[in-house]
Amino acid sequence: MVHLPDMRKGIPVSPGVAIGTAYCIHAIFVNPEKGSVAEGEVASELARYEAARERTAADLLALQDKVAMQVGEREAAIFAMHASILGDSAFTHRIRSWIAHDRMTAPAALSRLLDEYTALFSRTHDEYLKERLHDVQDVVVRLSAHLSDVLKPNSDALEGPLIVVAEELLPSQVVALGNIEVRGIVTQAGSQTSHAAIIARSRGIPAVSGVAGILRQTRSGDTVVVDGRHGHVLINPDAETRSAYRKLEREFFLLRDQWAANRDRPATTLDGVALSLLANINNVQDAQAAAAMGATGVGLFRTEYIYLTHPSVPDEQEQLARYREIVDAAPDRTVTVRTLDIGGDKTVPYLGHHHQEANPFMGWRSIRLSFEHPEFFATQLRAILRAGAYARSRGGQIRVMFPMITTLEELHRVRGMMRRACKQLEARREEYAVVPFGMMLEVPAAAVAIDVLLPAVDFVSIGSNDLVQYLMAADRDNPKVSHLCQPLAPAVLRTLHQVIRACGRANRPVTLCGEMAGQPRAFPLLLGMGLRSFSMSPAFVPSIKDLAAHLDIPRCRDMLAHALQLKTTANVKRFMSEQLKRIAPDLAAMDTA
Ligand code: PEP
Ligand code: MG
């Protein structure tokens, strides 16, 4: 084992190993130019700020045009919004007044403004508003870069493949990253579901999040190793360590290329059993990534992202436009649409989520919230039914599923609302398709009484992220209880086994769409349980397809039988790691332990 003198630990968010040159995006905020200016310098500092503001406005306009042309009008809209923040008189007035009256330098004034905004926004639990903080940060980063040539991030000056080191990746930076070769991503903030994590995963870039203090310890130009399997980051490692990681990196990229070449190969096991490998997506870019990675459809479209990125309730036409876009980008034009899953950690102001709940994950969330907004819910149902007709006309299919179903009454109520939505569309002579009707299995009560619920649905999709947290009574986002929130826990395996068998007996198709579908150590066990349909982050599709080709069903059943005898999560993990090493040693590089 190599000696690792300077290893930092974070959350492994996107697997693989990469080594490259650090490109510190937020270096500007780590050491903001604090100083003040003398009275005689105030006028020139104000002029300096004005010049930077004009250059920033020109940048934003150019970016807006470029993105509109190369990506689309919708994607470009974010830069128009940034231009309006820049042009906001309150924003500029405060900066000018701090320079003129408090004799601050322009960068120091910007830093103060950002501190104020951060303090203000940190008191809100509103995800939509929190996202807006990213937009303000983005504008301030641009302005600051124009104020300081020394600190201006300039990827041209850096050699070799880059490792982006950032507080958290901002929307415009993500667009800009399209032009440079990014080998790895490290962020100070963030979690499995942060912006950076989602982008890294969908592009197959190794990434580690939540590395405290990394921006302070790294300078642009340093050599950085990112080990996205274990969440390790190394800064300027010695020659021996570097060459050990270079070898791992070569293996990882070789593997990725092989997988890319397998994109159009159908997913089958070693003994020829056909599998369905689908993608979980949040937007149209993810749908494109799903097609690029060889998924055969979309198994989970999280529609709440339409609402989270919209200032008011999106109307039926707007929603329909988004669904059509997704259908057009999705592999095989097949999309399983999940209705609004808001609440818990995601809130939107216009749906009345201003108050704080004591237990948001067990409270007014998901389908429970949709029932309380029957008008909004009906609008979504109509848009989905109409998108169903569109998908059919394009040779594909829409399916609809409902999150967090707990009781049979809920299913009956949703059915009734679906029927009413159909009638409304008929009255309007609007084209729609009767789409398959599914439930997400995420609540232990639904797992225990699955036989009661199955006759009322056409299909089931197991949301293991939530099912595990509810079963183990361990918040999926709380690192303090992450040792409990484990998909390989004996209780979870037993529950999944029982649900999958019940679906088989009742002849109801079943998919699993939680993170565990893409985890190499869980996958053989799910196959052993009889599961044949899996929906995962697009970047995991190639490696899971490769793993499937190494597995035969009898062997998976044996592994499952053994795993079910084991009494602790640690033992199941150990057993599956050993098995994986024997079956597909290459895949060890993809295991996020
Ligand atoms: C799940 O709970 O497993 C799931 C896929 O839904 P989400 O992660 O969006 O809650
Ligand atoms: Mg869920």
Side-chain angles (χ1 to χ4, degrees), residues 11 13 127 191-195 197-198 201-202 276-283 286-287 290 295 297-309 326 335-348 359-370 380 399-406 410 438-447 459-478 482 485-489 492-493 495-496 499-500 510-519 522-523 526 531 533-541 544:
I11 308 162
V13 294
E127 287 300 317
S191 64
Q192 286 274 355
T193 52
S194 69
H195 229 82
I198 290 167
R201 241 178 279 145
S202 70
S276 178
L277 300 188
L278 309 166
N280 295 347
I281 67 158
N282 301 329
N283 52 42
D286 291 349
V298 168
L300 165 64
F301 170 34
R302 294 182 165 104
T303 58
E304 52 275 13
Y305 283 85
I306 298 179
Y307 293 72
L308 287 168
T309 54
I326 300 278
V335 182
T336 304
V337 178
R338 172 178 78 188
T339 60
L340 191 61
D341 187 3
I342 223 79
D345 57 343
K346 306 186 202 106
T347 63
V348 283
N359 292 301
F361 272 112
M362 291 207 266
W364 201 44
R365 194 196 151 185
S366 208
I367 191 77
R368 303 168 184 184
L369 187 137
S370 293
Q380 181 169 38
R399 309 197 302 170
V400 64
M401 64 184 183
F402 302 91
M404 239 191 128
I405 293 295
T406 309
E410 288 172 344
M439 63 172 275
M440 284 194 74
L441 192 132
E442 309 185 275
V443 179
F459 69 94
V460 172
S461 189
I462 303 171
S464 55
N465 303 338
D466 277 316
L467 182 61
V468 173
Q469 79 160 343
Y470 291 132
L471 203 55
M472 303 300 288
D475 184 339
R476 61 195 254 187
D477 292 327
N478 183 345
S482 61
C485 197
Q486 294 286 333
L488 293 181
V492 175
L493 294 181
T495 307
L496 292 173
V499 166
I500 292 165
V510 55
T511 300
L512 187 141
C513 65
E515 288 302 312
M516 77 183 288
Q519 289 170 352
F523 183 73
L526 296 170
L531 195 69
S533 179
F534 304 81
S535 192
M536 61 199 77
S537 232
F540 293 144
V541 170
I544 290 295

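All ligand and atom numbering here is 1-based and tracks the order in the structure. Because only heavy atoms are used, hydrogens play no part in the values below, and waters and symmetry mates are left out as well, while side chains stay in.
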Practice problem: Could you walk me through whether Val460 and Thr511 pass side chain to side chain contact (heavy atoms under 4.5 Å, CB included), step by step? | Solution: CA-CA 6 Å; Val460 172; Thr511 300; over 6 Å; no

Self-check item: Part of Arg476 within contact of ligand 1 (heavy atoms, under 4.0 Å)
Solution: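 Contact part for Arg476 vs ligand 1: side chain (C-beta onward).
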
Quiz prompt | Contact partition for Leu467 relative to ligand 1, non-hydrogen atoms under 4.0 Å | solution =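 For Leu467, there is no contact with ligand 1 at all, from either part.
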
Quiz prompt | Nearest heavy atoms of Ala447 and Thr495, plus distance in Å | solution =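 For Ala447 versus Thr495, the nearest heavy atoms are CB-CG2, 3.7 Å.
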
Quiz item: Looking at Arg338, Arg365, Met439, which one forms a side chain to side chain contact (heavy atoms under 4.5 Å, CB included) with Pro403?
Solution: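 Only one option passes, and that is Arg338.
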
Quiz item: Less than 4.0 Å between a side-chain N and a carboxylate O, is that true for Arg476 and Asp466?
Solution: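 Salt bridge present between Asp466 and Arg476.
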
Quiz item: Taking only residues two or more places apart in sequence, or in another chain, which ones meet Tyr470 in a ring-ring contact (aromatic ring centres under 6.0 Å, His included)?
Solution: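 Tyr470: no ring-ring contact (aromatic ring centres under 6.0 Å, His included) contacts found.
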
Quiz item: Do Gln380 and Thr303 have a side chain donor and acceptor closer than 3.5 Å?
Solution: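 A pair is found: one side chain offers a donor N or O, the other an acceptor, under 3.5 Å apart.
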
Quiz item: So what's near the Mg ion (ligand 2), protein N, O or S atoms under 2.8 Å?
Solution: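 Sorted hits: Glu442 OE2, Asp466 OD2.
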
Quiz item: Can a non-hydrogen atom of Glu515 be found less than 4.0 Å from any atom of ligand 1?
Solution: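 No, Glu515 has no heavy atoms under 4.0 Å from ligand 1.
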
Quiz item: Mind checking what makes side chain to side chain contact (heavy atoms under 4.5 Å, CB included) contact with Val443, not counting sequence neighbours?
Solution: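 Here the qualifying residues are Met404, Thr406, Ala445.
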
Quiz prompt | Non-neighbouring partners of Pro487 that pass side chain to side chain contact (heavy atoms under 4.5 Å, CB included), sequence neighbours left out | solution =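 Partners of Pro487 by the side chain to side chain contact (heavy atoms under 4.5 Å, CB included) criterion, ordered by chain and then number, come out as Val468, Met516, Gln519.
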
Practice problem: Kindly confirm or rule out an N or O of Glu442 lying under 3.5 angstrom from an N or O of ligand 1. | Solution: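 It does: an N or O of Glu442 is found under 3.5 Å from an N or O of ligand 1.
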
